[in-house]
Each structure stands twice: as C-alpha cells, then as structure tokens.
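Since the model is a prediction, treat every value here as computed from it, not as a measurement.
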Amino acid sequence: MLNPPPAPPVRPDPEHVPTERELREDLACAYRLLAHFGMTDLVYTHLSVRVPGEGHRFLVNPYGLLFEEITASSLVLVDAEGQPAQETTWPVNPAGFVIHSALHLGSDRAQCVMHTHTLAGMTVAAQAGGLLPLNQMNMEFTDRVAIHEYEGIAADDNLDERERLVRDMGDRPCLILRNHGLLTTGRTVAEAFYWMYYLEQSCRIQVAAQSTGVPLSMPPAETVARVRAQAKDSPIKGWLPWQALKRKMDREQPDYRA
C-alpha cells in the first residue's frame, strides 16, 4: 500500500520573524540543495542570511567545508565585516563576505544573499547581451536582473565598489556579476533560492539554445512584458517549492538540521 501524500503546508505569515534556529536550518538546507543541483564551486562562494535582533549579524558557511557538508550548527555567526561573532574552530573568509555585506546593509530586501560560480551562470555573465528572453522561464527575469561590471576580486578595502554594488542592484532581486557569476537576494531563504534556481535554469537554457548554432527566436517586446507581469513578485515568493525541497532533504539528507 502506498504511503499517503504529506499534508499540505499551512500558508506562511509574511510578517513572521524567523528565529535563528529556523534560519540556520533553512540556510543549511539551501547549501545542500545547491550541492544537489550542481551549483557549487568547491569550498568557494557563499550563501548568507541576516539574523534578527540588534546590530548587524549574519550566518555564513565556515571556510573550507563543501556545501554538501554544511549543517545548521556548523554555520558561523559573523558581523558586517565578516568577522566571527561566536566561537568557531573553522575560519571564515571575510573577503568572500564583502559582496554579501554590501547588499545586506544596503537593501531591506536582501535578508538572504546567494552567490554562485556555475558554468552556465559564468557563461552568460561573459556575454555582452546578458540574459535573453528566449523562454518563458527567462522572461520572468525581464527587468529583474541587474548588471554589475567586473572590478576584480572583491576586497574588503574597496568600499567604493560596495556602494556601486548597491546602486547597480537597486530594488531588483537578481544580479549578474559581469565576468564573475550570479547573485540573488530575498526577504527569505526560500525567495532567494527560488530566484537563484530559476536564474540558473534560465542561463542553462540560453547556453543550450546558443550552442545549437541556429537562429534564436525572440518574442515581441509586448509578449515579454506580459509574461513578466504575469510572474508576480511576493514576500512569500518560492515558498511552496521550498516546502517540497525541504521534505526532499529531510528524506535524503536529514543531517542538514544537525
């Protein structure tokens, strides 16, 4: 006899302020999912989330662990400069947190920040035209993807670039770091993951379509605008697939909660 399907999740309260423990489990789950979907760069790149309360405190991965090794308790609490705000036996990469801290501090939307170096993402980041509206999935990103020109490896002494990152990002949820990679933000981990997953898929679609060598079909601007409008923004964007993905990790990699 087949097991019954899980009960549908209760719709979330957009005003809910998650606890640090909830954020640790969600962020650890996101790390595992990026590993599962092949969106990692060994021990490099980061996902981070703001912890509620006074001051600027964020959770980020310990430097040296693969994404598939991250657990809720292994995440390190850091300040706005990427310095540990808790005892830890693992180092933290402050330079790697520069981009994250700029956006966390510069936008209320950027409660969670995700940054990847994937083959498809870096390929599109190297293209002058950026992300093209080649598919329904890609069209959701119309006017939702900013561009930041490459200025070299992010360093904690380049305060001017932090200002330009915030300026270039504006109020959009996604950013292509030219000649570098992809970045998404969200008011929740679920929202940031939604944007990252589908931005990555859109880049893969573009690279695959371009590789065929045949002329590409570009829909008229009014169609692109209509699809973009149909794909509405929301404080609980991505929440429903996030529940399904957490159930998947609970079945396959439950130790992420440890």
Sub-3.5 Å donor-acceptor pair from the side chain of Lys237 to the main-chain atoms of Ala190, do we have one? no
Gln243 side chain to Trp239 backbone, donor-acceptor under 3.5 Å: yes
Assert yes or no for the condition that the ring centre distance of Trp195 to Phe141 is strictly below 6.0 Å. yes
Residue from Thr116, Thr118, Thr184, Val124 passing side chain to side chain contact (heavy atoms under 4.5 Å, CB included) with Leu199: Thr184
Glu22 versus His16: any side-chain heavy-atom pair under 4.5 Å? yes
From Ser48 atom OG to His100 atom NE2, the distance as rounded to the nearest 0.5 Å: 5.0 Å
Is there side-chain contact between Arg109 and Asp233, with heavy atoms separated by less than 4.5 Å? yes
For His36 and Leu245, what are the C-alpha separation, side-chain angles and deciding distance, and is it a side-chain contact (heavy atoms from CB on, under 4.5 Å)? CA-CA 11 Å; His36 174 78; Leu245 289 167; over 6 Å; no
What I'd like to find out is whether the side chain of Arg144 reaches to under 4.5 Å of the side chain of Arg228, using heavy atoms alone. yes
Any carboxylate oxygen within less than 4.0 angstrom of a Lys/Arg side-chain nitrogen, looking at Arg162 and Glu81? yes
For Leu77, is there any backbone N or O sitting under 3.5 Å from a side-chain donor or acceptor partner on Gln86? yes
Within the structure provided, determine whether Tyr63 and Tyr44 are in side-chain contact (heavy-atom separation under 4.5 Å). yes
Just checking, any donor-acceptor pair under 3.5 angstrom between side chains of His56 and Arg50? yes
Going hydrophobic residue to hydrophobic residue with side-chain gaps under 4.5 angstrom, can you get from Ile147 over to Val207? yes
Looking only at atom types and distance, does a side-chain atom of Arg178 sit under 3.5 Å from a main-chain N or O of Gln127, one as donor and one as acceptor? yes
Determine whether Leu103 and Val49 fall in the same hydrophobic cluster, where Ile, Leu, Val, Met, Phe, Trp and Tyr are linked whenever their side-chain heavy atoms lie under 4.5 Å apart. no
Assess the residue pair Leu47 and Met196 against the criterion (side-chain contact (heavy atoms from CB on, under 4.5 Å)); give the C-alpha distance rounded to whole Å, side-chain angles, the decisive distance to 0.1 Å, and a yes or no. CA-CA 11 Å; Leu47 320 180; Met196 180 56 75; over 6 Å; no
Please indicate whether Leu119 has more than 12 foreign heavy atoms, meaning atoms of other residues, nucleotides or ligands, lying under 6.0 Å from its CG. no
Could you grab the distance from atom CE of Met114 to atom CD of Glu191, nearest 0.5 Å is fine? 10.0 Å
So for atom CG, which belongs to Asp171, do other residues, nucleotides or ligands contribute more than 12 heavy atoms lying within a distance under 6.0 Å? no
Nearest 0.5 angstrom please: Leu182 CG to Leu175 CG, how far? 9.0 Å
Verify, without hydrogens or angle tests, whether Gln206 (side chain) and Leu134 (backbone) share a donor-acceptor contact under 3.5 angstrom. no
Quick one: does any side-chain atom of Arg24 pair with a main-chain N or O of Ala72 as donor and acceptor, under 3.5 Å? yes
On a heavy-atom basis, the closest approach of Ala258 and Thr71 is O-CB, 3.4 Å
Please name the pair of heavy atoms, one in Ala126 and one in Asn179, separated by the smallest distance, quoted to 0.1 Å. CA-ND2, 4.1 Å
Using 0.5 Å steps for rounding, measure from the SG atom of Cys203 to the OH atom of Tyr198. 14.5 Å
For the student: nearest non-hydrogen atoms of Thr45 and Asn61, plus distance: O-ND2, 3.6 Å
Under the criterion side-chain contact (heavy atoms from CB on, under 4.5 Å), I'd like the reasoning laid out for Ser107 against Thr185: C-alpha separation, chi angles, the key distance, then a yes or no. CA-CA 9 Å; Ser107 170; Thr185 65; 5.8 Å; no
Quick check: closest heavy atoms across Phe67 and Thr40, and the distance to 0.1 Å? CD2-CG2, 3.5 Å
Using a 6.0 Å cut-off, check whether atom CZ of Phe37 has over 12 heavy atoms from anything other than its own residue. yes
Side chains of Val43 and Asn93: does their closest heavy-atom pair fall under 4.5 Å? no
Check whether any side-chain heavy atom of Leu75 lies under 4.5 Å from a side-chain heavy atom of Val60, and answer yes or no. no
Examine distances only and state if a side-chain atom of Glu69 and a backbone atom of Leu65 form a donor-acceptor pair shorter than 3.5 Å. no
Spacing of NE2 belonging to His117 relative to CE belonging to Met122, to within rounding of 0.5 Å: 7.0 Å
To the nearest 0.5 Å, atom CE of Met139 lies from atom CG of Leu131 at 11.0 Å
Between Glu222 and Arg226, is there a side-chain N and carboxylate O pair less than 4.0 Å apart? no
Flag the pair Lys248 and Glu252 as a salt bridge only when some basic side-chain nitrogen lies within less than 4.0 angstrom of an acidic carboxylate oxygen. yes
If only atom types and distance count, is the side chain of Gln253 paired as donor or acceptor with the main-chain N or O of Asp250 below 3.5 Å? no
Are any non-hydrogen side-chain atoms of Leu23 and Pro52 less than 4.5 angstrom apart? yes
Quick check: is Phe193 connected to Ile99 through a chain of hydrophobic side chains (ILVMFWY, heavy atoms under 4.5 Å apart)? no
Closest contact, heavy atoms only, Leu33 versus Trp242: CD1-CZ3, 3.6 Å
Does a donor on one side chain sit under 3.5 Å from an acceptor on the other, for His180 and His115? yes
Closest approach of Ala80 and Ser101, non-hydrogen atoms and distance? O-CB, 3.2 Å
Just checking Phe58 against His104, ring centres under 6.0 Å apart? yes
Passes side-chain contact (heavy atoms from CB on, under 4.5 Å), Asp160 versus Arg164? Steps please. CA-CA 6 Å; Asp160 290 344; Arg164 285 188 289 275; 3.5 Å; yes
Validation row: Val113, His46 side chains within 4.5 angstrom (heavy atoms): no
